[in-house]
*Asks:* 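Before we start, here is the structure in question, set down as structure tokens.
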There are 2 protein chains.
Amino acid sequence: MTDRKRTAEGDRGGAEGAGPRAKRRRGEELIAAIHRAAMEETAEHGMGRLTMEGIARRAGTAKTSLYRRWSSPEDIVLEALYRVYPMEEPSPGADDLRGDLIASLTLMRDALMDSLHGKVMGALLDESTRRPELHERLYREVFDARGGRFTRTVLLHYAEHGRIDPARLTPVVFDIGEALLLKYGVDSFGIPDDDYIAAIVDQAILPAVGHAPEGPPAG
Amino acid sequence: MTDRKRTAEGDRGGAEGAGPRAKRRRGEELIAAIHRAAMEETAEHGMGRLTMEGIARRAGTAKTSLYRRWSSPEDIVLEALYRVYPMEEPSPGADDLRGDLIASLTLMRDALMDSLHGKVMGALLDESTRRPELHERLYREVFDARGGRFTRTVLLHYAEHGRIDPARLTPVVFDIGEALLLKYGVDSFGIPDDDYIAAIVDQAILPAVGHAPEGPPAG
DNA sequence: ACTATAAGATACGGGACCGTATCTAAGGAA
DNA sequence: TTCCTTAGATACGGTCCCGTATCTTATAGT
């Protein structure tokens with residue numbers, strides 16, 4: 001009730017500050033805007049402060065419209081991450097191990113570590129530390145569902161072609177590249193450049209699989 | 001005001017459920033209880049939901065007592081983490097590189113990855129992703145202030161004694177062990193066992209510094 | 001143009017925290 | 001014992017978010 005008969009009060013609707021309230025969005029367009037808003041909110045405030053009202057505000061829509069489709073902020077982010085996640089499989093050849101490893105880590109960097117995705121992923125990983133179901137969901141719906149294992153794919157490929165001793169391919173070795181990228185992201189937030197990725201390959205992965213480039217170790 | 005003159009109402013004070021409200025704590029004893037409560041709250045709910053009221057509740061004290069000493073929940077956790085952080089320096093000998101590396105990673109595991117500390121650290125690292133000042137503070141007041149660099153210390157030591165080619169010791173190589181422990185913690189939460197640490201050393205670090213154990217690579 | 005559908009605006013009552021003020025009372029020190 | 005410091009209990013007014021209900025209206029489909 002309260003003041004129903006207001007028909008035209010002068011302004012065109014909701015939030016003034018941000019945008020001039022263009023048209024009314026629906027369907028995919030609206031959903032995409034909400035997904036983006038959810039990711040931005042997560043990146044800015046973290047999972048713990050992620051809120052339906054915050055997402056609605058940022059997306060320039062009404063809370064009602066969110067509850068129509070989702071029942072928690074978390075559902076929105078997960079869906080958003082899932083949809084946006086690029087994640088092509090690395091497709092290695094068979095005669096440039098170094099190049100293919102670099103390519104796979106570059107792929108990972110670009111997919112997972114741009115500023116927005118990286119922060120969202122970090123926030124989700126942290127939250128999933130406390131919530132096993134979320135952890136499960138994250139790995140099942142997002143990581144595993146999309147290939148996920150970057151250097152692993154390359155290394156297995158080369159092993160199958162007899163260029164790597166299969167005995168070298170342990171879980172630890174599969175993780176070296178991803179682990180170093182992860183650590184880079186954690187302690188110097190920001191994005192590792194191509195040289196750093198090359199260094200990971202030359203100085204950590206290749207030695208571990210027995211392709212130590214004894215000659216020229218770059219500083 | 002409201003009902004001031006209640007002198008003895010029967011119960012002995014605050015929260016019923018948990019403890020029989022023993023004595024009144026003060027000074028260090030109280031502070032320690034609050035520190036612990038703050039860490040537990042962080043581990044359970046994350047930085048984003050860390051709250052003065054929550055800490056007070058868990059510590060069995062009054063909000064007032066918190067504000068007397070700190071002005072935000074974050075201040076409490078940081079102080080708590082700083083005080084509790086064990087962090088002995090690894091003290092390598094000079095003729096058991098493998099053993100000393102394992103020891104340094106074991107030290108790190110035990111210091112940083114027990115369930116409570118690990119979760120608090122994770123939560124703080126995540127939060128610091130969004131707040132550069134916190135990141136700065138965390139690394140300055142906690143990590144660097146306490147030595148922090150585990151395998152690095154060992155590797156440098158052996159390089160000084162001529163047992164490792166110094167050209168091999170790049171930032172990437174210094175990070176391998178810590179990175180793999182970090183990744184372990186992130187994707188299979190839980191604590192890596194001794195075998196896993198040995199695998200990190202044998203399969204990743206030693207090869208990277210040119211001590212590849214060609215002979216017996218464990219599966 | 002007409003109609004069903006979905007978006008948007010608004011208003012609740014309810015709950016959790018905030019940060020502060022105020023008062024009681026316990027524990028130590030003199 | 002007496003006194004002083006400090007812990008503890010409680011109550012605010014304020015803000016933010018929850019989840020739902022209600023009503024209006026833009027838009028797509030026919």
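Remember, it's a predicted structure, so these values are computed and weren't measured experimentally. Convention: sequence-line order gives letters A, B, ...; per-chain numbering from 1.
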*Asks:* What is the distance from CD1 of A:I55 to P of D:dC16, rounded to the nearest Å?
*Replies:* 17 Å
*Asks:* Using a heavy-atom cut-off of 4.0 Å across all strands, would you classify A:G27 as base, sugar-phosphate, or nothing?
*Replies:*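 Sugar-phosphate only.
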*Asks:* Is the shortest heavy-atom distance from the side chain of A:R98 to the side chain of A:L206 under 4.5 Å?
*Replies:* yes
*Asks:* If we only count heavy atoms from C-beta on, is the A:H135 to A:L138 side-chain gap below 4.5 Å?
*Replies:*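 Counting from C-beta outward, A:H135 and A:L138 never come under 4.5 Å.
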*Asks:* B:E29 CD to C:dG28 C1': how many Å, rounded?
*Replies:*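 The answer, rounded to whole Å, is 14 Å.
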*Asks:* May I ask you to test the A:E40-A:L116 pair for a side-chain heavy-atom distance under 4.5 Å?
*Replies:*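 Touching, per the 4.5 Å side-chain cut-off.
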*Asks:* Whole Å only: how far is the CZ atom of B:R24 from the C1' atom of C:dG28?
*Replies:* 13 Å
*Asks:* Rounded off to whole Å, could you give me the CZ-to-P distance for the A:R49 and D:dT15 pair?
*Replies:*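 About 19 Å, once rounded to whole Å.
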*Asks:* Checking B:T51 now: which residues fulfil side chain to side chain donor-acceptor pair (under 3.5 Å) with it, not counting sequence neighbours?
*Replies:*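 For B:T51 there are no side chain to side chain donor-acceptor pair (under 3.5 Å) partners, ignoring immediate neighbours.
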*Asks:* When the distance from CZ of B:R26 to P of D:dC4 is rounded to whole Å, what number comes out?
*Replies:* 15 Å
*Asks:* Rounded to the nearest Å, what distance is computed from the CZ atom of residue B:R58 to the P atom of nucleotide C:dA16?
*Replies:* 16 Å
*Asks:* Please state whether the phosphate of C:dC17, meaning OP1 or OP2, lies under 4.0 angstrom from any side-chain nitrogen or oxygen of B:R57.
*Replies:* yes
*Asks:* Do A:E127 and B:D126 touch side chain to side chain, with heavy atoms closer than 4.5 Å?
*Replies:* no
*Asks:* Starting at atom CD of A:E41, determine the distance to atom C1' of D:dC16, rounded to an integer number of angstrom.
*Replies:* 13 Å
*Asks:* Would you mind reading off the distance between A:E53 atom CD and D:dC16 atom P, rounded to a whole angstrom?
*Replies:*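 Result: 10 Å.
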*Asks:* Is A:R24 close to A:E29 at the side-chain level, that is, under 4.5 Å between some pair of heavy atoms?
*Replies:*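 No. Closest side-chain heavy atoms not under 4.5 Å.
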*Asks:* Looking at DNA chain D, which of residues 62-75 of chain A put a heavy atom within less than 4.0 Å of it?
*Replies:* A:K63, A:T64, A:Y67
*Asks:* Below 4.0 angstrom from OP1 or OP2 of C:dA7, is there any side-chain N or O of A:T61?
*Replies:* no
*Asks:* Does B:R25 put a side-chain nitrogen or oxygen below 4.0 Å from OP1 or OP2 of C:dG27?
*Replies:*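 It does not, given that no N or O in the side chain of B:R25 lies less than 4.0 Å from OP1 or OP2 of C:dG27.
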*Asks:* Between B:R109 and B:D194, does any NZ, NE, NH1 or NH2 come within less than 4.0 Å of an OD or OE carboxylate oxygen?
*Replies:* yes
